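Here the structure comes first, spelled out in structure tokens, and everything after it is commentary.
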Amino acid sequence: MNLLTLFAIGRERQPDKTAIEFSDMHGALAPQQLTFASLHEQAQRWAAAFVRMGVRKGDRVALYLCNRPEFVIAYLAALEAGAVMVPINLRYRRRELSHILGDAEPALLVTEEAQVPVLDELSVTDLGPGTRVLSVDRVDAWLEGANAGKPAESTQVLPARAEETALLMYTSGTTGASKGAVLSHNNVLATVTGLLSAWAWEHNDVLLLPLPLFHTHGLVVGLHCALAMGATVRLRTGFDETETVNILSGGGATLFFAVPTIYTRLVELLAGLETAPDFSTVRLFCSGSAPLPAEVHNEFERLTGKRILERYGMTETGMNFSNPYAGSRIAGTVGTPLPGVFGRVVDAEGRELPAGEEGELLLRGSNVFDQYWRAPEKTAESFVQDELGNRWFLTGDLARVDPDTGYMTLLGRRHELIISGGLNIYPREVEEMLTTFPGIEEAAVVGEPDDVWGEAPVAYLVCSCAVDEAALERYCRSQLASFKRPRRLRFVEALPRNAMGKIQKHLLESGG
Ligand code: MLC
Ligand code: AMP
């Protein structure tokens with residue numbers, strides 16, 4: 001079994017049914033509807049072209065695309081060609097792109113015309129000599145060129161084995177540079193099959209998906225489950241409050257998956273309406289990727305009568321824990337392990353702790369990735385073996401299991417990490433960038449609570465001369481994805497340090 005064989009089950013159930021219904025909230029791209037059969041047929045044509053362009057088994061195919069049907073076609077085509085798909089966050093700028101492209105060395109970078117200005121900033125060395133760039137907006141030209149007059153049998157590729165790599169997904173690293181999590185077909189299949197049963201997916205489900213396909217939440221939890229089940233995805237380029245409420249109250253979706261920031265914004269909108277919209281045809285609202293505040297959880301239920309199901313996942317592991325589909329969904333918890341996932345909470349010495357005590361969460365199961373791409377040391381640091389020889393992944397998440405309910409609560413992170421609107425920001429990366437700006441001698445970035453984003457990065461700066469804040473903001477925007485730039489700057493004489501000289505960030509976080 002590989003991902004394509006799983007998707008074939010969904011497709012063959014009703015080939016003429018709509019797989020993807022797409023519309024662009026910005027109006028730049030035309031609306032589209034694609035059946036399962038036509039999605040498959042196009043993916044095969046693209047795959048043949050990829051192979052003829054030289055893509056070989058195990059090669060990387062990077063996608064730098066917004067949510068659009070061509071993302072799905074290119075992804076399936078990459079798998080059909082035996083390649084590994086590398087999704088890239090569309091908000092990444094030159095520095096972040098150049099790191100990923102240099103590390104993954106993709107044979108193809110599939111992109112779109114709207115990204116040309118960003119890609120134009122890349123030099124030949126950023127791109128690498130072996131990377132060919134294709135625009136999905138010029139598909140006819142390269143499909144014709146690649147497929148002209150060549151026999152179809154030359155493009156046959158052996159089906160992937162379950163242990164072969166399907167995805168290389170970059171996650172921000174504690175050291176500043178992002179690292180690629182190598183996910184096999186088997187890893188992703190474990191999450192998908194676990195979720196299909198845990199959340200009672202049905203083939204007549206319709207999922208409204210505003211989340212980006214370049215992260216696990218949109219890609220694996222959303223798209224993969226729908227393709228496997230033969231359910232329809234209403235794919236959007238982003239989140240629009242009004243359209244979302246209209247679709248959900250108009251019977252246009254049975255499932256809605258989102259990050260807490262989206263629920264916060266929905267609650268704000270719903271609270272201002274005179275009559276509450278009727279969401280009775282939506283059978284499941286899910287939240288994940290960041291902590292859902294209990295207040296938002298309860299307020300959403302008060303306004304809609306629907307209780308959100310919160311679950312917990314990671315790029316490296318897919319989905320791990322979930323509140324129950326049938327049963328009590330407890331605010332502030334992520335529920336119990338999904339089928340086939342094992343978790344244990346350990347102390348600083350790695351000893352397993354009883355329920356009720358707080359420690360780091362370790363995970364194992366078929367869903368857990370095997371290694372970071374070309375980073376054996378990072379991989380070695382990220383796993384420990386128990387007395388039975390089982391290999392456990394150190395999640396870095398601090399957790400406690402309730403002794404009565406068995407539900408887990410996440411309490412924070414062992415490493416510094418800011419989660420803003422479901423997107424990860426590692427302070428170290430932002431600090432390193434800030435100190436390359438003239439006049440900034442030292443920088444410390446901390447997360448501060450934010451009503452909408454959950455957390456927002458704030459920079460404490462020690463400067464040798466006056467810094468032009470507007471110029472610094474422009475610099476940040478040119479160097480970093482915009483969501484990572486500090487929302488506030490605080491100029492200080494010195495950063496608080498302990499006797500060892502280590503910056504004491506907790507003093508900054510409390511406003512020191
Ligand atoms: C956008 N902006 C953000 C931001 N998203 N700022 C901080 N944090 C964010 N997350 C900023 C932009 O930089 C821009 O700033 C302004 O907001 C408007 O941008 P936009 O593109 O119009 O924003 P919007 O469409 O409203 O996006 C909000 C959002 C989006 C919540 C829909 O952030 C989002 O899709 N988040 C989810 C990401 C996700 O899928 N994470 C899952 C990772 S997987 P300016 O100044 O330029 O105007 C994972 C594992 C698991 O974590 O368990 O799922
Ligand atoms: P990423 O590296 O982008 O995949 O983010 C994974 C991290 O998101 C996890 O390690 C958690 O810290 C966090 N996360 C995911 N889901 C939840 C949740 N429901 N509650 C709190 N944190 C979460």
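Small disclaimer: the values here were computed from a predicted structure and weren't measured. Order of appearance sets the numbers: ligands from 1, and atoms from 1 within every ligand.
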Does the distance from a Lys or Arg side-chain N to an Asp or Glu carboxylate O, for Glu429 and Arg95, drop under 4.0 Å?
-> yes
Is it the case that Asn367 and Thr191 place a side-chain donor and acceptor less than 3.5 Å from each other?
-> no
Determine whether the side chain, the backbone, both or neither of Arg413 has a heavy atom under 4.0 Å from any heavy atom of ligand 2.
-> side chain
Which residue and heavy atom of the protein sit nearest atom 22 (N) of ligand 2, plus the separation = Leu410 CD1, 3.6 Å
Could you tell me which atoms of ligand 2, counted from 1 in the order shown, lie closer than 4.0 angstrom to a heavy atom of Met314?
-> 4 (O), 6 (C), 9 (C), 10 (O)
More than 12 heavy atoms from other groups under 6.0 Å of CD on Gln385 | yes
Just let me know how Ser289 lines up against ligand 2, side chain, backbone, both or neither, with a heavy-atom cut-off below 4.0 Å.
-> backbone
Residues that Glu113 engages under side-chain contact (heavy atoms from CB on, under 4.5 Å), provided they are two or more places apart = Val116, Ser135, Asp137, Arg138
State whether Arg428 and Glu416 are salt-bridged, where the test is any N-O pair (Lys NZ or Arg NE/NH1/NH2 against Asp/Glu carboxylate O) under 4.0 Å.
-> no
Atom indices of ligand 2, in the order listed, that fall short of 4.0 Å to a heavy atom of Glu310 = 18 (C), 19 (N), 20 (N)
In terms of the angle between their ring planes, are Phe383 and Phe393 parallel, tilted or perpendicular, with boundaries placed at 30° and 60°?
-> tilted
Heavy-atom gap Arg311 to ligand 2 smaller than 4.0 Å = yes
For residues Leu508 and Arg490, determine if any side-chain heavy atom of one lies less than 4.5 Å from a side-chain heavy atom of the other.
-> no
Looking at atom 17 (C) of ligand 2, what's its closest protein heavy atom, distance included?
-> Ala290 N, 3.6 Å
Quick one: sort the Tyr475 and Phe437 rings into parallel, tilted or perpendicular, breaks at 30° and 60°.
-> tilted
Exactly one of Val61, Leu167, Val110 clears side chain to side chain contact (heavy atoms under 4.5 Å, CB included) with Tyr75, and that residue is Leu167
Looking at atom 7 (C) of ligand 2, what's its closest protein heavy atom, distance included?
-> Gly313 O, 4.0 Å
Per-atom contacts of ligand 2 with Pro291, taking only distances under 4.0 Å to non-hydrogen atoms | 20 (N), 21 (C), 22 (N)
Looking only at non-hydrogen atoms, find the nearest pair between Thr315 and Ala181 and report the distance.
-> CG2-CB, 4.5 Å
Please give the N or O to N or O pairs under 3.5 Å between ligand 1 and the protein, distances rounded to 0.1 Å.
unit_1   : atom_1 : unit_2 : atom_2 : d
ligand 1 : 6 (N)  : Arg487 : NH2    : 3.0
ligand 1 : 8 (N)  : Ser420 : O      : 3.4
ligand 1 : 8 (N)  : Ser420 : OG     : 2.5
ligand 1 : 10 (N) : Ser420 : O      : 2.8
ligand 1 : 13 (O) : Ser482 : OG     : 2.6
ligand 1 : 21 (O) : Arg91  : NH1    : 2.9
ligand 1 : 21 (O) : Arg91  : NH2    : 3.4
ligand 1 : 26 (O) : Arg265 : NH1    : 2.9
ligand 1 : 26 (O) : Arg265 : NH2    : 3.2
ligand 1 : 36 (N) : Gly421 : O      : 3.0
ligand 1 : 41 (N) : Gly422 : O      : 2.9
ligand 1 : 46 (O) : Arg477 : NH2    : 2.7
ligand 1 : 46 (O) : Arg485 : NH1    : 3.4
ligand 1 : 46 (O) : Arg485 : NH2    : 3.1
ligand 1 : 47 (O) : Arg477 : NH1    : 2.8
ligand 1 : 53 (O) : Arg311 : NH1    : 2.7
ligand 1 : 53 (O) : Gly313 : N      : 3.2
ligand 1 : 53 (O) : Gly313 : O      : 3.1
ligand 1 : 54 (O) : Ser289 : OG     : 2.6
ligand 1 : 54 (O) : Arg311 : NH1    : 3.3
ligand 1 : 54 (O) : Arg311 : NH2    : 2.8

Do me a favour and list the nearest non-hydrogen protein atom to atom 9 (C) of ligand 2 with residue, atom name and distance?
-> Asp397 OD2, 3.4 Å
Side chains of Gln32 and Glu70, donor plus acceptor under 3.5 Å | yes
What part of Ile419 sits under 4.0 Å from ligand 2 if we count only heavy atoms: the side chain, the backbone, both or neither?
-> side chain
Looking only at N/O atoms, are Glu316 and ligand 2 under 3.5 Å apart anywhere?
-> no
Heavy-atom contacts under 4.0 Å between Ser287 and ligand 2: side chain, backbone, both, or neither?
-> neither
Is Arg414 salt-bridged to Asp397, going by a charged N under 4.0 Å from an acidic O?
-> no
Just by distance, with hydrogens left out, do Glu316 and Tyr372 show a side-chain donor and acceptor under 3.5 Å apart?
-> yes
Can you tell me the protein heavy atom closest to atom 3 (O) of ligand 2 and the distance?
-> Asn424 ND2, 3.1 Å
